[in-house]
Amino acid sequence: FSSRRRHPRFKCDWSSDVCSSDLEGVAGGIEVMVTDPDQVAQHRAAIAAAAGPDARLLDWQQMNSSLFGALMVERNVMFLILTMIILVAALNIISGLIMLVKDKGGDIAILRTMGATQGAVMRIFFIAGAAIGVIGTLSGVALVGRAHAELQSHLNLVCRLLLEKK
């Protein structure tokens, strides 16, 4: 928390260029450290009562509110982007399965005449779709992991080079 008086009063003698405050001996600000920074709201009432009615209390969340706002916007935008990516991937899988069913219409007819039920044919295509999804997810995770390792090694190299030049 940071506590400051709203309007400190100053006395200035312009002829001698000396200014003095009538609040000498009074603290202009107090900083209170707490063990758990996420629980500052619990301590706010006690600190406000101890500081008095003229004190203005600012906690670290209020002092950095623009940063927290930017982080919330970033989080929401990232959620939206990832949702769109997943939606496009899901639609791609669905359209691929539709094309597969259209292409395999004759094979489905042969399976049906051999005695396969409609549920059995649907299970075949469901398993095919699930396999495509699992293989795509695993390959995506592997590619992202590899890209992350490469980028991290390049970042470490740049950091070492920059630190050696100092």
Side-chain angles (χ1 to χ4, degrees), residues 1-10 21 23 26-104 118-166:
F1 286 99
S2 176
S3 173
R4 296 175 192 245
R5 295 218 177 254
R6 287 188 200 150
H7 304 290
R9 293 177 290 279
F10 290 94
S21 169
L23 298 175
V26 176
I30 299 172
E31 187 170 332
V32 177
M33 304 295 276
V34 295
T35 55
D36 187 6
D38 292 328
Q39 302 296 326
V40 293
Q42 294 176 350
H43 303 287
R44 189 172 188 80
I47 294 171
D54 292 334
R56 181 176 58 141
L57 295 177
L58 293 173
D59 60 30
W60 66 275
Q61 293 168 338
Q62 291 169 332
M63 291 170 64
N64 299 311
S65 63
S66 61
L67 173 67
F68 287 118
L71 289 175
M72 288 300 293
V73 168
E74 179 192 15
R75 192 174 106 191
N76 290 337
V77 169
M78 287 302 297
F79 174 77
L80 182 66
I81 290 171
L82 290 175
T83 301
M84 292 294 199
I85 290 171
I86 290 171
L87 182 67
V88 167
L91 290 174
N92 194 13
I93 290 172
I94 291 170
S95 67
L97 287 175
I98 289 172
M99 297 294 281
L100 183 65
V101 169
K102 294 284 186 186
D103 187 43
K104 299 291 182 183
Q118 188 175 1
V121 173
M122 284 180 31
R123 274 194 298 277
I124 292 170
F125 288 101
F126 180 77
I127 291 170
I132 291 170
V134 168
I135 291 170
T137 300
L138 293 177
S139 61
V141 167
L143 285 173
V144 167
R146 179 69 179 151
H148 178 266
E150 286 294 321
L151 288 175
Q152 192 64 36
S153 67
H154 291 304
L155 182 64
N156 290 340
L157 176 67
V158 169
C159 287
R160 268 184 284 162
L161 290 175
L162 290 175
L163 291 175
E164 286 177 4
K165 289 186 178 183
K166 287 187 176 181

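Throughout, numbering of the chain's residues begins at 1 and tracks the sequence.
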Acceptor/donor pairs from residues 124-140 side chains to any protein atom, 3.5 angstrom cut, sequence neighbours excluded:
residue : atom : partner : partner atom : Å
Thr137  : OG1  : Gly133  : O            : 2.8
Ser139  : OG   : Ile135  : O            : 3.0
Ser139  : OG   : Gly136  : O            : 3.0

Item to check | Donor-acceptor contact present, side-chain Asp59 to main-chain Gln62, <3.5 Å | outcome: yes

Next on the checklist: Quick check for you: to the nearest 0.5 Å, what is the distance between Met78 atom CE and Leu80 atom CG?
Outcome noted: 10.5 Å

Item to check | Approximate separation, where rounding is to 0.5 Å, of His154 NE2 and Cys159 SG | outcome: 13.0 Å

Checklist entry - So which pairs with a foot in residues 70-89 pass side-chain hydrogen bond (donor to acceptor under 3.5 Å, both in side chains), sequence neighbours left out? => result none

Output a table of donor-acceptor pairs, distance under 3.5 Å, between side-chain atoms of residues 86-99 and any protein atom two or more places apart or on a different chain; print 'none' if there are none.
residue : atom : partner : partner atom : Å
Ser95   : OG   : Leu91   : O            : 3.2
Ser95   : OG   : Asn92   : O            : 3.0

Checklist entry - Looking at side-chain heavy atoms only, is the closest gap between Leu155 and Gln152 below 4.5 Å? => result yes

Next on the checklist: I need the His43 NE2 to Thr35 OG1 distance, nearest 0.5 Å.
Outcome noted: 6.0 Å

Next on the checklist: Under the criterion side chain to side chain contact (heavy atoms under 4.5 Å, CB included), I'd like the reasoning laid out for Leu58 against Arg56: C-alpha separation, chi angles, the key distance, then a yes or no.
Outcome noted: CA-CA 7 Å; Leu58 293 173; Arg56 181 176 58 141; 4.3 Å; yes

Checklist entry - Are side-chain heavy atoms of Gln39 and Val34 found at a separation under 4.5 Å? => result no

Checklist entry - For atom CD of Gln118, is the number of surrounding heavy atoms from other residues, nucleotides or ligands below 6.0 Å larger than 12? => result no

